[in-house]
Amino acid sequence: MHVDWTAIEEKWRKRWQEERQFESDPDPRKKFFVTVAYPYPNSPQHIGHGRTYTLADVHARFMRMQGYNVLFPMGFHYTGTPILGMARRVQENDRELLENFRTLYKVPEDKIAGFSEPVKIADYFHEEIKAGMIEMGYSIDWRREFTTIDPFYNRFIEWQFRKLKEHGLVVQGTHPVGWCPRDHNPVSQHDTLGDVEPSFTEYTVIKFKYDRFILPTATLRPETIFGVTNIWINPDVTYETCMVDGEEWIISPECAQKLAYLNKKVARTGTVVGSDLVGKTATVPERNVEVPILPAPFVRSDNGTGVVMSVPAHAPFDYQALEDLKKGKPIPGLDISTLAPISIIETDGYGEVPARDVIEKMGIKSQTDPGLEEATKEIYSKEFYGGRLRQNTGRFHQKTVAVAKEEVKRQMIEGGSADIIYELNEHPVRCRCGAECVVKLLDNQWFLNYSSPEWKEKVHSWIREMKILPEEIRNEFDNVVDWLKERACARQHGLGTKLPWDPNWIIESLSDSVIYMAYYTISKYVNSGTISPGRITDSFFDLVFLDIGDPKKVSSDSGVPPQALEDARKEFQYWYPVNARHSGRDLVPNHLTFFIFNHLAIFPKKYWPEEIVVNGSVLMDGKKMSKSMGNIIPLRSAIRTHGADSIRLAILISAELLQDADFNQEAVRGIKGKLESLVLESSKYKEPRPSALEQEDRWIYSRLQQVISETTLAVQKMRLREALHHVLYEFEADLEWHAKRAAAKKRSDHAGIMHDILTARAAMLSPFAPYAAEEMWHNLGNTGLASRASWPSPDDSKVDLLALQSESLLRRTLDDIRNIVKVTKITPKKITIYTAAPWKGAAYQRILAKVTAGEVNIGNIIKSLISDPETADIKKDPDFVKKTVNDILSDPQGDRDSKNRAGLVDEARVFSEISTLVEADYGIGVQVFSESDQAKYDPKNKARTARPYKPAILIE
RNA sequence: GCGGGGGUCGCCUAGCCUGGUCAACGGCGUAAGGCUCAGAACCUUAUCUCUUAGGAGUUCGUGGGUUCAAAUCCCACCUCCCGCACCA
């Protein structure tokens, strides 16, 4: 029979919607407020996005069934630059992007036409994503939906920022950034062609004096100034002379460009060809000595300043170049033969001139040898970590290189003989727009001061108290907090809210998305038009969120009617704080941590977030999803092929929270089949259950209670994979056993029992597979909605410990019979079972008590048993004790307890039911004797090996 | 470099926090059987080694330790993966 999932989904979705099942308003019940990081609508969502939302939805649905008033809202994050970039690429007719829209995202042509406007892109994918969420069955209260460019939201973010500023948490600073000169915007890895990280390194520029000019050399090793023997200059480059902040520098043309971005005032005054400088001398700062300027074709004009200082003792390049120069043709008017390396650093394992040592060791013969790179690295790291400065460095004598480097740099900068420039580590780096990136010193940028020690400490202490799932991620939060520094919170382009006190800046997307959960509590009133953004002032937010201010005054100032103001306040106070926030683990080092930081800064403690739940990502057939692999499956098309529930389960069941979930067709098909069989099965059983319960019935009810409590516990810990296993698979084996027992007895009265059990299973399945659960619920003839049913709670009165022990004894005995048959390969003609003699039962109880009390020493146990006449028979069979102790130890803790509590089962009675089962398997009956039965049939003398819960078996 | 997480029976994975339920869940693969004209799907059984009595032996990256008992706790080592900022 076929199950039409599309029809089922539509039917129940419609019902949920019509009955407004998931629209939540404050009421007297306890509330539960669950949120997920809202999506950025620049593409349709795919299977991977579905994971976090599905987890949150399961959480919401579970809590709802537990009796909480649950709010699960959703918004859309329009803030940011990627959509802006997309719009521009549309304007430029970017073929690849347009192709993606058409074939990958299936955007209708008339929509694409509007995509030159960024908001149109966001609006389109917003609706697309929303439709997918509805189809997935997420129990979202859509009345509270908003986007981050809504005017009211803007007012809210402005309030947030003014608050942060009041608390002194917004600071201004000047920092170097990777920069696109065309976009006038910072660039990061995502903004570059080929996703190159525009990383850069700080160089110290050392100012050598030449005539009236400054010859600046860029270096990573300012401390080697003491070992400089000469200057290298490229004779073929035409240098520029420029006024740089009042000094006249000789630099390469490229360097002049770079300096301009580093906020230097640069004015060109002329040019000078490199070869004209060769043979002249320059003064070394700090040392006040003259060194010659020598030609070096390896000096690149696009690197640093185009002028290089030479430290042959510690820089292999310099050493080799000098050697080569000495061997080459003489430079007129200059004797370089006496130019010797000046050693200034002492390092274990190296001689006077480490550069020479390495060059000789590596067999390097000329300055074009690529091995020089390697040699430089070696020296740099060995000297940096192990080197100390020599006496000829004056007051830096004995200092380690690591320390001296910083001190020399600082001292020289303070003395005006050095400066700082930044150089991209690899260039060129190109922006997505095609322009070549530079390093820019960005002035007076706004930062959130996440370095503040007090703020950090406050966050640390709250992290210690919060619920964080899974637990192992808590540590990571602490590390992120420690590591976090100031973070730029505004940029110059993109969608978003303007910085209230400086409208040239737009608040950056990771900073306007940290306390918006509070906004959900009032967005309902904004959407209904009850409150409007027109005259909204900070006092409105102060009153609603912080309970500060006079309602009358706020009402008249903001134009919000008193009642609406009061409603909004009550609504916020009811729902806040956030009880659970769900997100992917990629947001731990940023959003989730900022979320904590900002809540702590702005809200009083009672409104701080209670719990964070973090999940891993989704793989596609074991591989990472990526556009280039073409393995991204859009969520909505997956729903059409597999059905929403199957996708939900496939994502949830393949991994625990933090693991990467693997989505594969195989698994989805399996789950779909499983759900279909459950749905079909649910039409078969009707109430009522039989009045008299057989042992196997009491057993299956007992098992049901256990499954309920195990499942509940698992969901509470968000171990959804485990929970689903209990509901879907683990219990299945029990049901099969029950069916087998019933069939062996030729019973036909247990439909009502199955009805009970399926009803409980439907309820427990409801948070995970809501559509299938509704259908099952309905098929079973239950009233109302499964989504609104109570979550089953375990009923201890239905747990029959003896039934549990008895059934497990039956199963184990059948297993033993099967094992014997298998090993001996005989076809059974006659099966005899012997239960243990009564004294063994008594001994078993004693031993169980001892073991439970922690006594596992066989000798001690035997002694105490012998001393008691009731169990003195143990002398006849000391091995019994050892075997029994092992039996008990190999039982799970819970089983031992239940055996302890239930007392011994009446094995003779239990085995009276085994015949029908053996008959079903082997076509013959079973004879049962007690070991103590004098008249027993026991040709092989087997009976004596019987133990409680381990009968002796004879198969012939 | 800094920080985080792993290495389990052919493969993927559970178990580890809270030591005995562990020869170790589950899935895939493989083999046999069932079903079928055949195949796909599905179902059953098996899948470390040995074993004609329900058993025994050797396993959970490597080496050591704690314990009556270790995949699980402790120490050391080897090794793999991920994140590292003005980006959502």
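Reminder, nothing fancy here: chain letters follow the sequence lines and each chain counts from 1.
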Interatomic distance where CG belongs to A:D816 and C1' belongs to B:rU52 [whole Å]
17 Å

Quickly work out the A:R487 CZ to B:rC84 P distance and round it to whole Å.
11 Å

Watson-Crick/G-U partner (both atom distances under 3.5 Å) of B:rC60:
none

For A:W483 and B:rG83, are the ring centres under 5.5 Å apart with planes inclined under 30°?
no

Rounded to whole Å, CD of A:E710 lies from P of B:rU18 at a distance of 20 Å

Where is the tightest heavy-atom contact between A:V614 and A:P470, given as atom of each residue plus distance?
O-CD, 3.4 Å

Counter-base of B:rC84, judged by Watson-Crick or G-U geometry with both distances under 3.5 Å:
B:rG1

Categorize A:R474 for me: base, sugar-phosphate, or nothing, with a 4.0 angstrom heavy-atom threshold over every strand shown.
nothing

Mind checking the P distance from B:rC25 to B:rA14? Whole angstroms is fine.
14 Å

Provide the distance between the two C1' atoms, one in B:rC50 and one in B:rC43, to the nearest whole Å.
31 Å

Is A:T81 touching bases, backbone alone, or none of the nucleic acid, heavy atoms closer than 4.0 Å?
sugar-phosphate

Nucleotide B:rU21, atom C1' - distance to CG of A:L848 in whole Å:
15 Å

Taking atom types as modelled and ignoring hydrogens, do the side chains of A:T497 and A:D512 form a donor-acceptor contact shorter than 3.5 angstrom?
no

Starting from P on B:rA88, measure out to CD1 on A:I121 and report it in whole angstrom.
15 Å

Between B:rG83 and B:rG29, how many Å separate the two P atoms, rounded to a whole number?
31 Å

Using a cut-off of 4.0 Å on non-hydrogen atoms, how would the nucleic acid contact of A:I653 be classed: base, sugar-phosphate, or nothing?
nothing

A:L484 has a side chain; which of B:rA53, B:rG15, B:rA85 sits nearest to it?
B:rA85

Side chain of A:I953 only, heavy atoms from C-beta on: which candidate in B:rA85, B:rA88, B:rG54 is closest?
B:rG54

Candidates B:rA85, B:rG54, B:rG83 - which lies nearest the side chain of A:T945:
B:rG54

Whole-angstrom distance between B:rC22 and B:rA71, as gauged at atom P
13 Å

Between B:rG34 and B:rU18, how many Å separate the two C1' atoms, rounded to a whole number?
45 Å

Going by salt bridge (Lys or Arg N to Asp or Glu O under 4.0 Å), name the residues that satisfy it together with A:E907, two or more places apart in sequence or in a different chain.
none

Phosphate OP1/OP2 of B:rG54: any A:K940 side-chain N/O under 4.0 Å:
no

When both hydrogen-bonding distances must be under 3.5 Å and the geometry is Watson-Crick or G-U wobble, what is B:rC28 paired with, if anything?
B:rG10

Would you classify A:D482 as touching base, sugar-phosphate or nothing, given that sugar-phosphate means primed atoms plus P, OP1 and OP2, and contacts are heavy atoms under 4.0 Å?
nothing

If you only use heavy atoms from C-beta on, which nucleotide in B:rG83, B:rA88, B:rG54 is closest to the side chain of A:P82?
B:rA88

Select from A:K717 and A:P951 the residue whose nearest nucleotide in RNA chain B is closer to the 5' end of that strand.
A:K717

Measure the distance from CG on A:D586 to P on B:rG83 and round it to the nearest whole Å.
10 Å

Let's see if you can work this out: which of B:rA53, B:rA14, B:rA88 has an atom nearest to the side-chain heavy atoms of A:I955?
B:rA53

Step through the shown structure and confirm whether more than 12 heavy atoms of other residues, nucleotides or ligands are within 6.0 Å of NZ on A:K498.
no

A:T813 vs B:rG54: side-chain N/O to OP1/OP2 distance below 4.0 Å
no

Heavy atoms only: give me the nearest A:Y53-A:A37 pair and the separation to one decimal.
OH-O, 3.0 Å

Who pairs with B:rU36 - Watson-Crick or G-U, where each distance is under 3.5 Å
none

Tell me: CZ of A:R721 to P of B:rC12, nearest whole Å?
15 Å

Residue A:R944 excluded, over 12 heavy atoms near CZ under 6.0 Å
no

Out of B:rG54, B:rA53, B:rA88, which has the shortest distance to the side chain of A:L954?
B:rA53

Nearest heavy-atom neighbours spanning A:M86 and A:N42:
CE-O, 3.3 Å

Can you tell me how far P in B:rC78 sits from the matching atom in B:rU62, rounded to whole Å?
15 Å

Set out, line by line, the N/O atom pairs under 3.5 Å between protein and nucleotides 3-6 of chain B.
{"residue": "B:rG3", "atom": "O3'", "partner": "A:N479", "partner atom": "ND2", "Å": "3.2"}
{"residue": "B:rG4", "atom": "O2'", "partner": "A:E476", "partner atom": "OE1", "Å": "2.8"}

Pairwise C1' distance, B:rG7 and B:rC77 [rounded to whole Å]:
14 Å

Distance to the ring centre below 6.0 angstrom and angle to the axis at most 45 degrees; does that hold for A:R581 and A:F595?
yes

Looking only at side-chain atoms of A:N590, point me to the closest of B:rG54, B:rU13, B:rA88.
B:rA88

When you compare B:rG6 with B:rC16, how far apart are their C1' atoms, in angstrom units rounded to a whole number?
13 Å

Whole-Å distance between B:rU21 C1' and A:Q805 CD?
13 Å

Quick one: look up who B:rG19 pairs with, Watson-Crick or G-U, both distances under 3.5 Å, and put none if it's unpaired.
none

If you look at every strand shown and take non-hydrogen atoms under 4.0 Å, does A:V481 touch a base, only sugar-phosphate, or nothing?
nothing

Decide if the gap between the ring center of A:F125 and the ring center of A:Y105 is smaller than 6.0 angstrom.
yes

For A:T832 and A:Q927, does a side-chain donor sit closer than 3.5 Å to a side-chain acceptor?
no

Under 3.5 Å, is there a donor-acceptor pair linking the side chains of A:D586 and A:H591?
no

Once you apply the 3.5 Å cut-off to both distances, tell me the Watson-Crick or G-U wobble partner of B:rG54, or none.
none

